[in-house]
**Q** 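Encoded as structure tokens, here's the structure I'll be asking about.
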Amino acid sequence: MKPEYNFKQTEQKWQEIWEKEKINQAVDFGTKPKFYGLIEFPYPSGSGLHVGHLRAFTSIEIVARKRRLEGYNVLFPIGFDAFGLPTENFAMQTGKHPRLVTDDNIATFTAQLKAFGYSFDYSRTVDTTDKNYYKWTQWIFIQLFKKGLAYKSKAYVNYCEKCKVILANEESQGGVCDRCGSEVVQKEKDVWFLKIRDYAEKLLDGLNDVDYLPRIKLEQINWIGKSEGAEIDFSVGGGAVKGSKLKIFTTRPDTLFGVTFMVIAPEHPFIAENAKSIKNMDEIERYRIETKKKNEFERIRVNKDKTGVMINGVCAVNPVNGCEIPIFIADYVTLDYGTGAVMAVPAHDTRDYEFAKKFGLPIVEVIAGGDIEREAFTDIANGILINSDFLNGLAVKEAGHKITEYLAKKGLGTRRINYNMKDWAFNRQRYWGEPIPIVYCPKCGTRHVPENQLPLELPPLESYRQTESGESPLANVAEFVNCKCPECGGDAKRETDTMPQWAGSSWYFLRYIDPRNEQALADLKKLSYFGPVDWYNGGMEHVTRHLIYSRFWNHFLYDIGAVPFKEPYVKRTAQGLVLGENGVKMSKSLGNVVSPDSLIKDYGADVLRLYIMFMGDYESPVPWSNASINGCRRFIDRLYNLLDITDKCEGYSEKHTGLINRLIKKVSEDIEAMKFNTAIAAMMSFINEIYADNYITKGELKAFLLLLYPFIPHMTEEINELLGYKVILSKSSYPKYDAAKLIDDEIELPVQINGRLKGTVKISKDAGLQAVKDAVLSDPILAAALGSNAVKKEIYVPKKIINFII
RNA sequence: GCCGAGGUGGCGGAAUGGCAGACGCAAAGGACUUAAAAUCCUUCGGGGGCAACUCCGUACCGGUUCGAGUCCGGUCCCCGGCACCA
């Protein structure tokens, strides 16, 4: 008789055994092949683990456990991305130091993760707020600074007045603050930028060498936004400063003969340079003020009416035909893309077309094939050049090459590539972040903190509020701000801003490989052994931020020789969102958040792990359903009860051989393809068939346990022990299937007549056509359906189907 | 507007061009029980028929094929990303 199953005791028992046996620990320079599986480390919030975390973590947890059984030296680490606003806000409200808040939250998270039986290597845990960790985050910043990839510049930034913090474009999408949801305004500020744009081409190229989900690659390509074209100089006529030029960027140099006006961004320096010649400065100034009032979001809103002001007193000259054209300022051209100036070709660009119509400007057709009375003709695949002098008769693409060559020869323009991606705004006016290791010396200028003085530690604070002017709380700490210049030793001041939350997460996967190294961010030999990450899973929401940033840093670290591989992640997948029971995104305000704490008390870790993987297609969003968990609980009960019908035979029974071989193949392949739901469904079917036969051999059960082990490790270990096996599953080998035994000798073949299903016949798996026909004719119903009609054609696909055409 | 992924029972979802709805949930009926829970058995896309059966059915219209949820052309609708990007 088997003992009653107490999930609470049993799960704890096995968690202790695994810890004692160190089954989760990766071995530096182990002799087995290595596998590095990674999940996005969590932000340790005060509310604890979320069911979304479970979905994100359990997939790689399953893969990691499977890989260990397959004989790999598995690195499956965990850590905490612990700098950030919520902790700082909590500290502000309660007066409790963020360090203590963070420690508490990490302790809570760790206990929860362990309760789920996740096989993380806890001996390698990293915490981005640990000074021994952020020392290296600062070190990386200094390397970027030394290479000229970190620079300070005045810029209009996205600023949240409520949070009093500069936001990156990624944190203010849609013109709304990522954190508090209030509207973002434009503010001129000193901003530290990282030149991620310099790495745009490497980031694009690198995508050819990695195995990311296609939609992930596409989002990154889209985000980087490469476009090829030309920069062309237009000389300026009228009263403009002599020799003054306007440089434009265009992807359509072929349309140069169709240019009828020019548009520059309202902030374009050309206006100040030519202020004396401009006759309607007042009007222009009014428009500029108007534009500045609008935030970025309003300004780029599509389908908005075109507005603008013509600049009186100056004009531009088309370099190929000498035509003088008017220059406008308009807010549909922005200073931060291309050159902040465009040549307008209304006949072949929808925006220019709208603008020309509104301002009554001429429209010159230079590509035949459209109806420019009605709309701009933008089809570049089928157009032929007209009204374009030496380009006439050419296709768009050829014309583009020819004109670019021509301009280059005459010194009027060059081939040029532009990227949509902006440089990364890298400072925040916050306390709970990595201090930027920079010193301002009145004599020597901007200098970095010497590397041997790292870490530059966060000083203790009395208040976490920003200064009245919105400066970082660190600006209030005289002992921190005032320092000596590392170069001349004179009085100097420190940078008081801190790094954004994305900093620490941009290299954490490297630190896991060598988490306690004091000489380097990680040892090169260890990096070569464990790196790069073989499989990284996380959320789609991080594809254009964290994933791009960390690839950028890794490429940079590779370039300076600190890391031995270019691309940090060999493979990247993403889980779908877990929605609330009502089918909408979980949020506190909607009250549809599901907390794992009470669930684990009611059902145990195994049931929840199983359900979270069974609930739907892994990559799609799926609503949570409390009721559906019952199905997984019943499955687990039925699994345990198999002990009652298990015989002593160590092999497979004849009847179950095909069944178990098929199951091994199915489950193993489904895990690799992240089709966890169908893997579990197949195991449920298996158990249903076993109960129908009312017996299972010990050997069959053992194989079944090994297949289930990555999903529900606790109960499977327990059953394995009850069966009398001395070796724990965690130290066993993954079962293999025999390809010759996948198909049973006798199969049911569907029979169609004129493409309609009429029934099935039982035949041998390699039956010939005649044998199948005999079987069909000996079945009275099928024979009757076939009747005396002449069979015109038979389509027989062995093992699949037979179709009679009559 | 551009790019991408989808649309299948009451619900979550399965189906290398080959038995649509696997697996699970919910629901209904039955067994066990003094009773309930748990468990087990049965039914479970729609219409018609006493029945054996039969017709319809994977957003919509059309096509290819012996055979289409799956492939092709068009339409509609949802979701995700990018967006006056020159």
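Residue numbers begin at 1 in each chain, while the letters A, B, ... track the order of the sequences.
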**Q** Side chain of Arg572(A), backbone of Leu213(A): donor and acceptor closer than 3.5 Å?
**A**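 No.
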
**Q** For Val345(A) and Asp352(A), which heavy atoms make the closest approach, and how far apart are they?
**A**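 For Val345(A) and Asp352(A), the tightest heavy-atom pair comes out as N-OD2, 2.9 Å.
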
**Q** Which whole-number value in Å describes the distance from Phe328(A) CZ to A86(B) C1'?
**A**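 Computing the Phe328(A):CZ to A86(B):C1' distance gives 17 Å.
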
**Q** From the set A14(B), U39(B), C3(B), return the single nucleotide nearest to any side-chain atom of Asp617(A).
**A**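 That would be A14(B).
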
**Q** I'd like the P distance from C76(B) over to U16(B), given in whole Å.
**A** 30 Å

**Q** If you check the Arg633(A) side chain, which of A86(B), A26(B), A38(B) turns out closest?
**A** A38(B)

**Q** Nearest-Å distance, CE (Met683(A)) to C1' (A14(B))?
**A**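 Taking atom C1' of A14(B) as the reference, CE of Met683(A) is at 15 Å.
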
**Q** Rounded to whole angstrom, note down the P distance from A52(B) over to U58(B).
**A** 25 Å

**Q** Tell me: CG of Asp637(A) to C1' of A38(B), nearest whole Å?
**A** 9 Å

**Q** By the rule that syn is within 90° of 0, classify the base conformation of G81(B) as syn or anti.
**A**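 This nucleotide is in anti.
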
**Q** Hey, is Lys765(A) close enough to Asp744(A) for a salt bridge, meaning N to O under 4.0 Å?
**A** no

**Q** Within the 4.0 Å heavy-atom criterion, would you say Pro214(A) contacts the bases, only the backbone, or no part of the nucleic acid?
**A**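 Since no nucleic acid heavy atom lies under 4.0 Å of Pro214(A), the category is nothing.
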
**Q** I'd like to know whether the aromatic ring centres of Phe614(A) and Phe635(A) sit less than 6.0 Å apart in this structure.
**A**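 Between Phe614(A) and Phe635(A), the centre distance exceeds or equals 6.0 Å.
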
**Q** Roughly how far apart, to the nearest Å, are C23(B) and A14(B) at atom C1'?
**A** 7 Å

**Q** Would you give the length of the straight line joining atom NZ of Lys758(A) to atom CD1 of Ile781(A), rounded to the nearest 0.5 angstrom?
**A** 11.5 Å

**Q** Between G4(B), A26(B), G18(B), which nucleotide has the shortest distance from any of its atoms to the side chain of Ala627(A)?
**A** A26(B)

**Q** For RNA chain B, determine which residues of residues 577-584 of chain A have any heavy atom closer than 4.0 angstrom to one of its atoms, and list them numerically.
**A** none

**Q** With nearest nucleotide decided by heavy atoms, which residue, Ile781(A) or Ile629(A), maps closer to the 5′ end of RNA chain B?
**A**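 The residue mapped nearer the 5' terminus is Ile629(A).
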
**Q** Mind checking the C1' distance from U39(B) to G48(B)? Whole angstroms is fine.
**A**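 Taking atom C1' in both U39(B) and G48(B), they lie 38 Å apart.
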
**Q** Rounded to whole angstrom units, what separation is found between the CE atom of Met615(A) and the C1' atom of C11(B)?
**A**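 So the CE-C1' distance, Met615(A) to C11(B), works out to 13 Å.
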
**Q** OP1 or OP2 of U16(B) sitting under 4.0 Å from any side-chain N/O of Lys799(A)?
**A** no

**Q** Take atom CD1 of Ile224(A) and atom P of G81(B), then tell me their distance rounded to the nearest Å.
**A** 18 Å

**Q** Does the side chain of Leu361(A) come within less than 4.5 Å of Pro346(A)'s, by heavy atoms?
**A** no

**Q** What pattern of brackets, bars and dots sums up RNA chain B from 5' to 3', given Watson-Crick or G-U wobble pairs under 3.5 Å, [ ] for crossing pairs and | for another strand?
**A** ((((.((..(((.....[....))).(((((.......))))).((((....))))..(((((..]....))))))).))))....

**Q** Given the P atoms of G74(B) and G24(B), what is the spacing between them in whole Å?
**A** 41 Å

**Q** In terms of side-chain geometry, is the basic nitrogen of Glu669(A) or Lys675(A) positioned less than 4.0 Å from the acidic oxygen of its partner?
**A**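 Between Lys675(A) and Glu669(A) there is no salt bridge, as every charged N stays at least 4.0 Å from the carboxylate O atoms.
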
**Q** Considering only the P atoms, how many Å lie between G80(B) and G21(B), rounded to the nearest integer?
**A**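 Between the two P atoms, the distance is 32 Å.
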
**Q** Counting distance only, does the side-chain N/O of Ser778(A) pair as donor-acceptor with the main-chain N or O of Ala775(A) below 3.5 Å?
**A** yes

**Q** Considering every strand and a 4.0 Å limit on heavy-atom distances, what is the contact class for Ser625(A): base, sugar-phosphate, or nothing?
**A**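 Nothing, no nucleic acid heavy atom in range.
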
**Q** Could you tell me how far A5(B) sits from C40(B) if I compare only their P atoms? Round to whole Å.
**A**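 My reading of the P atoms in C40(B) and A5(B) gives 42 Å.
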
**Q** According to a strict under-4.0 Å criterion, is Ser227(A) in side-chain N/O contact with OP1 or OP2 of A86(B)?
**A**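 For A86(B), OP1 or OP2 has a side-chain N or O of Ser227(A) closer than 4.0 Å.
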
**Q** Could you report the tightest heavy-atom contact between Ile196(A) and Asp423(A), atom names first, then the distance?
**A** N-OD1, 3.3 Å

**Q** Starting from P on A5(B), measure out to CD1 on Ile216(A) and report it in whole angstrom.
**A**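 From Ile216(A) CD1 to A5(B) P: 14 Å.
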
**Q** Look at all strands and tell whether Lys675(A) reaches a base, only sugar-phosphate, or nothing, counting heavy atoms closer than 4.0 Å.
**A**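 Touches sugar-phosphate only.
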
**Q** Indicate the ring-plane relationship of Tyr332(A) and Phe355(A), choosing parallel, tilted or perpendicular according to the 30° and 60° boundaries.
**A**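 Tilted: the ring planes of Tyr332(A) and Phe355(A) meet at 30° to 60°.
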
**Q** What's the OH-C1' distance between Tyr611(A) and C25(B), to the nearest Å?
**A** 9 Å

**Q** Do the side-chain N or O atoms of Arg756(A) get closer than 4.0 angstrom to the phosphate oxygens (OP1, OP2) of A68(B)?
**A**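 No, outside the criterion.
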
**Q** Using 4.0 Å as the upper bound for N to carboxylate O, is an ion pair formed by Arg633(A) and Asp602(A)?
**A** no

**Q** Looking only at atom C1', what distance separates C25(B) and G13(B), rounded to whole Å?
**A**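 After rounding to an integer number of Å, I get 11 Å for this pair.
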
**Q** Kindly say whether, by distance alone, the side chain of Lys792(A) makes a donor-acceptor pair under 3.5 Å with the base of C66(B)?
**A**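 Result: no qualifying N/O pair found.
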
**Q** So, the side chain of Glu40(A) versus the backbone of Gly539(A): is there a donor-acceptor pair under 3.5 Å, distance only?
**A** yes

**Q** Give me the one residue out of Val317(A), Ile325(A), Ile327(A), Leu412(A) that meets side-chain contact (heavy atoms from CB on, under 4.5 Å) with Phe234(A).
**A**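 Of the listed options, the one satisfying the test is Ile325(A).
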
**Q** Base, sugar-phosphate or nothing for Val797(A)? Non-hydrogen atoms, less than 4.0 Å.
**A**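 Base, at least one base heavy atom under 4.0 Å.
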
**Q** Of the nucleotides C66(B), A26(B), A15(B), which one has an atom closest to the side chain of Asn803(A)?
**A** C66(B)

**Q** Please state how far atom CZ in Arg662(A) lies from atom C1' in A15(B), giving the value in whole angstrom units.
**A**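 For the pair Arg662(A) CZ and A15(B) C1', the rounded distance is 16 Å.
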
**Q** Parallel, tilted or perpendicular: which fits the ring planes of Phe328(A) and Phe261(A), with parallel below 30° and perpendicular above 60°?
**A** perpendicular

**Q** Take nucleotides 19-24 of chain B nucleotide by nucleotide from the 5' end and write B, S or -, depending on whether a protein heavy atom sits under 4.0 Å from the base, only from the sugar-phosphate, or from neither.
**A** B--BBS

**Q** If only atom types and distance count, is the side chain of Thr291(A) paired as donor or acceptor with the main-chain N or O of Asp331(A) below 3.5 Å?
**A** no

**Q** For Leu218(A) and Arg351(A), find the nucleotide of RNA chain B closest to each by heavy atoms; which residue's nucleotide sits nearer the 5' end?
**A** Leu218(A)

**Q** Scan Lys758(A) against the nucleic acid and name what it touches under 4.0 Å (heavy atoms): base, sugar-phosphate only, or nothing.
**A** sugar-phosphate

